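Predicted model only: the values in this text are computed from it and were never measured. Each chain gets a letter, A, B and so on, in the order the sequences are listed, and its residues count up from 1.
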Number of protein chains: 2
Amino acid sequence: MGEGNKITINDVAKAAGVSKGTVDRVLHDRGEVSAKSKEKILKVIQELGYRPNFYASILASKKNFHISCLIPEFNDGEFWELTEKGIDQGREYAGRFGIDISAVMYDQYDLDSFQNACARVLDSAPSGVVIAPMFRNETLKFAKDLSERHIPYVYIDSKLEDDGYLAYYGMPMYQSGYLCADILTNGRDVRKLHIIRIARDKRGLSDPTITRRTGLIDYISEHYPECRIENTFIDPKNVASRYEVLDAMFAADPDPFKYIVMCNSRVHFVADYLRDRGIRTCRVVGFDVLERNLAALREGYVQALIAQHSDRQAAAAITAVTDYLILHESPARKDNYTQMDILNKYNCDYYI
Amino acid sequence: MGEGNKITINDVAKAAGVSKGTVDRVLHDRGEVSAKSKEKILKVIQELGYRPNFYASILASKKNFHISCLIPEFNDGEFWELTEKGIDQGREYAGRFGIDISAVMYDQYDLDSFQNACARVLDSAPSGVVIAPMFRNETLKFAKDLSERHIPYVYIDSKLEDDGYLAYYGMPMYQSGYLCADILTNGRDVRKLHIIRIARDKRGLSDPTITRRTGLIDYISEHYPECRIENTFIDPKNVASRYEVLDAMFAADPDPFKYIVMCNSRVHFVADYLRDRGIRTCRVVGFDVLERNLAALREGYVQALIAQHSDRQAAAAITAVTDYLILHESPARKDNYTQMDILNKYNCDYYI
DNA sequence: TTCATTTCCGTGTGCGGTAACGGAAAAAAT
DNA sequence: ATTTTTTCCGTTACCGCACACGGAAATGAA
């Protein structure tokens, strides 16, 4: 059953009245086969249900595949670290097929850096590419380059509207915002909600968290039409300024019980503030499993995190490319939306 | 890097001053090698970092592995259906290595049926076994039989206290009950809680949901010491009796707002009742992703489900055995606790 | 010392493909 | 009709390993 069919290329050759060399030529579309033979061989393959033994195939072909993964660079404990872990998992899988995986990093706030990285990847003539896109136009350009070279590529994290990608693995961003709002409000009578945002979240970048914020706001306006939403901007690089801004936010309203949300992975900024100020009266929800976010969750400064297993996304992306290269199989679905995991202090320790 | 090291058995042979036949003999511990040569070869392998090419290995050895999975039989839409899906995923993976997977089912309420299944599995002389245990003593006996035959086995869903298993994949049952209580109470002022139980959940079976209930009760007594817990027993096979019992439960207390929980996968029984009676005032939490549970979640008769991806457990189990057989690699961790997923109406559609 | 055993090891074949190589047959050019 | 070119295909040498086979060296028995 399944792979148990023991039909070899020799069986096909015999049945078609040719040599296995000829069969191999049609299998790989290497030409030099008459139309008649080709047709016959194809028919025999069909009838016999021949499936090449891909061990033998890998063993015999000395091809040297390698896959490049283009992701933002990061510091310890930041969001993209988990993605890199997923790349490591993927590397293990692909390694079994003799495929090398390399991660190419770029500065997600520097367009030049991204273009540079793209150029380097193209130069290395990869067999396949995994991209976590940040710059819309430049990524589309890069995607075009890849398509022209017939290099398969997979998007992770977020995707663009081009059509040539092999697969996409990411979170449904809008829904994640919607879900986040539900968890934040939690059936309570919410009158005001604070969205903490990163001051420099702008530029020409395609920021997926905007979509998330839209989902969040939609939920609120549907379920809490009279709820006020207040945006507060903080500077990720300046602690003092963050405290100032947040102090001001708390000072502006006497009610100590606040609903706070961050749409990116940096909710630990808020948690740090609350911890330092000894404020335990807020309900805070954020995204993504960073070590600092988990700590805040355990200590109770953050009530819930919505996570997306971005490691699995990366691993799945590499698996998809690998299977495509080795088995010539495209993934079952092109667009794959990762599940959204709700973490609180009671289940977070069992996450992964 | 990684698998890229191109050291072959020939290199080892040359470096050790023997032939590849001898190297092969020590690699497989087939004997007929002098202690001196063996030592030398082992040293060389170490130094060179030789890793056998397992394609070539599989190709050359005509071994025919097969893995048996021992799980309870089920009807459509029941809990174990998801496990079977996971077996299918595992089959795909193992199939690539020429390993056959067969599922052997037993009646989880019939000891004889289980023993029969065990005997059949043993007779088929499997290369490895995956077990979802239900009967403690008999499973231990079976485990002993497997150990004696040097057949690796993996537990899924729940495990026993023997020591010979290769790995375990399952949910932390106690924690899941604890988590469930947190989600059910949700910070509210809960005075009374209804646990709905299956009437015939007894016998000599090792029922993991007992542990879960313990976690649930512990949470309540820690966080809501004054909360009363009421157990209600329903009959899974008798609709009329279920309605009677639940009617009585609702009649006994005028407060229509009830906290209800089921510790097994059958919360849809409660949902069916609530739907029919048009009761929308309860907060209901249950376990596991059955289609009927999901429907109840979407319609709002159940507020949350705690899920455990039992498909992944099965797939991981098969992967573990496969890797053990093919790559001679034991899984990184012996006990693997699956994450507990919290599902509500907003993220359930993205589950899987 | 000689012959029978054991112990130990090298050689060779094949697993199912890949792809280079070279040659026969067919088509085109002269 | 002969030569050149093209088209098409069979042969063959691996790929890295598993394992059967047979033989040399070492050991034991006589």
Side-chain angles (χ1 to χ4, degrees), chain A residues 3-42 44-45 48-65 95-99 127 325-328, chain B residues 3-42 44-45 48-65 95-99 127 325-328:
Chain A
E3 312 285 311
N5 87 42
K6 285 287 159 215
I7 307 203
T8 76
I9 196 171
N10 276 311
D11 299 328
V12 174
K14 209 164 295 170
V18 296
S19 78
K20 64 175 183 171
T22 306
V23 176
D24 186 66
R25 264 179 292 257
V26 341
L27 281 175
H28 296 84
D29 233 348
R30 250 186 301 127
E32 309 198 359
V33 180
S34 69
K36 204 176 58 181
S37 303
K38 181 167 177 178
E39 193 187 356
K40 181 74 192 290
I41 290 169
L42 252 20
V44 169
I45 287 178
L48 266 50
Y50 165 73
R51 307 263 306 150
N53 176 324
F54 78 100
Y55 305 110
S57 173
I58 291 173
L59 188 60
S61 85
K62 291 153 272 274
K63 270 182 208 150
N64 231 352
F65 288 133
R96 297 183 182 175
F97 301 89
I99 297 182
S127 329
L325 293 174
I326 300 289
L327 310 173
H328 309 288
Chain B
E3 310 286 309
N5 87 42
K6 286 286 158 214
I7 306 200
T8 75
I9 198 171
N10 276 310
D11 300 326
V12 174
K14 210 165 295 169
V18 295
S19 77
K20 63 176 184 166
T22 308
V23 176
D24 184 68
R25 248 162 259 146
V26 341
L27 280 175
H28 296 84
D29 233 346
R30 249 185 303 128
E32 309 199 358
V33 179
S34 70
K36 205 177 55 179
S37 303
K38 181 168 177 176
E39 193 186 356
K40 180 73 193 288
I41 289 170
L42 252 19
V44 169
I45 287 178
L48 266 50
Y50 166 74
R51 308 263 304 149
N53 177 324
F54 76 99
Y55 303 111
S57 173
I58 291 173
L59 190 59
S61 85
K62 290 154 271 275
K63 270 182 207 149
N64 230 352
F65 288 134
R96 296 183 182 175
F97 300 90
I99 297 181
S127 330
L325 293 174
I326 300 290
L327 310 173
H328 309 288

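- Heavy atoms only, all atoms of each residue included: A:Ala15 and A:Val44 are closest at CB-CG1, 3.6 Å.
- Contact detail for A:Ile9 and A:Tyr50: the closest heavy-atom pair is N-CE1, 3.5 Å.
- Following rounding to the nearest Å, A:Lys40 (NZ) and D:dC9 (C1') show an atom-to-atom distance of 15 Å.
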Nucleotide-resolved protein contact map, nucleotides 14-28 of chain D, B/S/- at heavy-atom distance under 4.0 Å: -BBBBBB--------
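- Residues B:Ile326 and B:Ile99 have side chains in contact (heavy-atom distance under 4.5 Å, counting atoms from C-beta outward).
- Between D:dC9 and A:Ser37, a contact under 4.0 Å exists linking OP1 or OP2 to a side-chain N or O.
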Worked check of side chain to side chain contact (heavy atoms under 4.5 Å, CB included) between B:Lys38 and B:Asp29: CA-CA 10 Å; B:Lys38 181 168 177 176; B:Asp29 233 346; 3.3 Å; yes
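- For the side-chain contact (heavy atoms from CB on, under 4.5 Å) criterion with A:Leu27, the lone passing option out of A:Thr22, A:Val12, A:Ile45 is A:Ile45.
- For the residue pair A:Ala13 and A:Ser19, the shortest heavy atom distance occurs at CB-C, 3.6 Å.
- Contact annotation: B:Thr22 side-chain N/O to C:dG10 OP1/OP2 distance is under 4.0 Å.
- For the helix from C:dT5-D:dA26 to C:dT30-D:dA1, the rotation axes defined at the first and last 5 base pairs enclose an angle of 60°, given to the nearest 10°.
- Residue pairs meeting the salt bridge (charged side-chain N to carboxylate O under 4.0 Å, His left out) criterion with at least one partner in residues 7-23 of chain B, sequence neighbours excluded, do not occur; the list is empty.
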Worked check of side chain to side chain contact (heavy atoms under 4.5 Å, CB included) between A:Thr8 and A:Asn53: CA-CA 8 Å; A:Thr8 76; A:Asn53 176 324; over 6 Å; no
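- Atom NZ of B:Lys14 and atom P of C:dT11 are 12 Å apart (whole Å).
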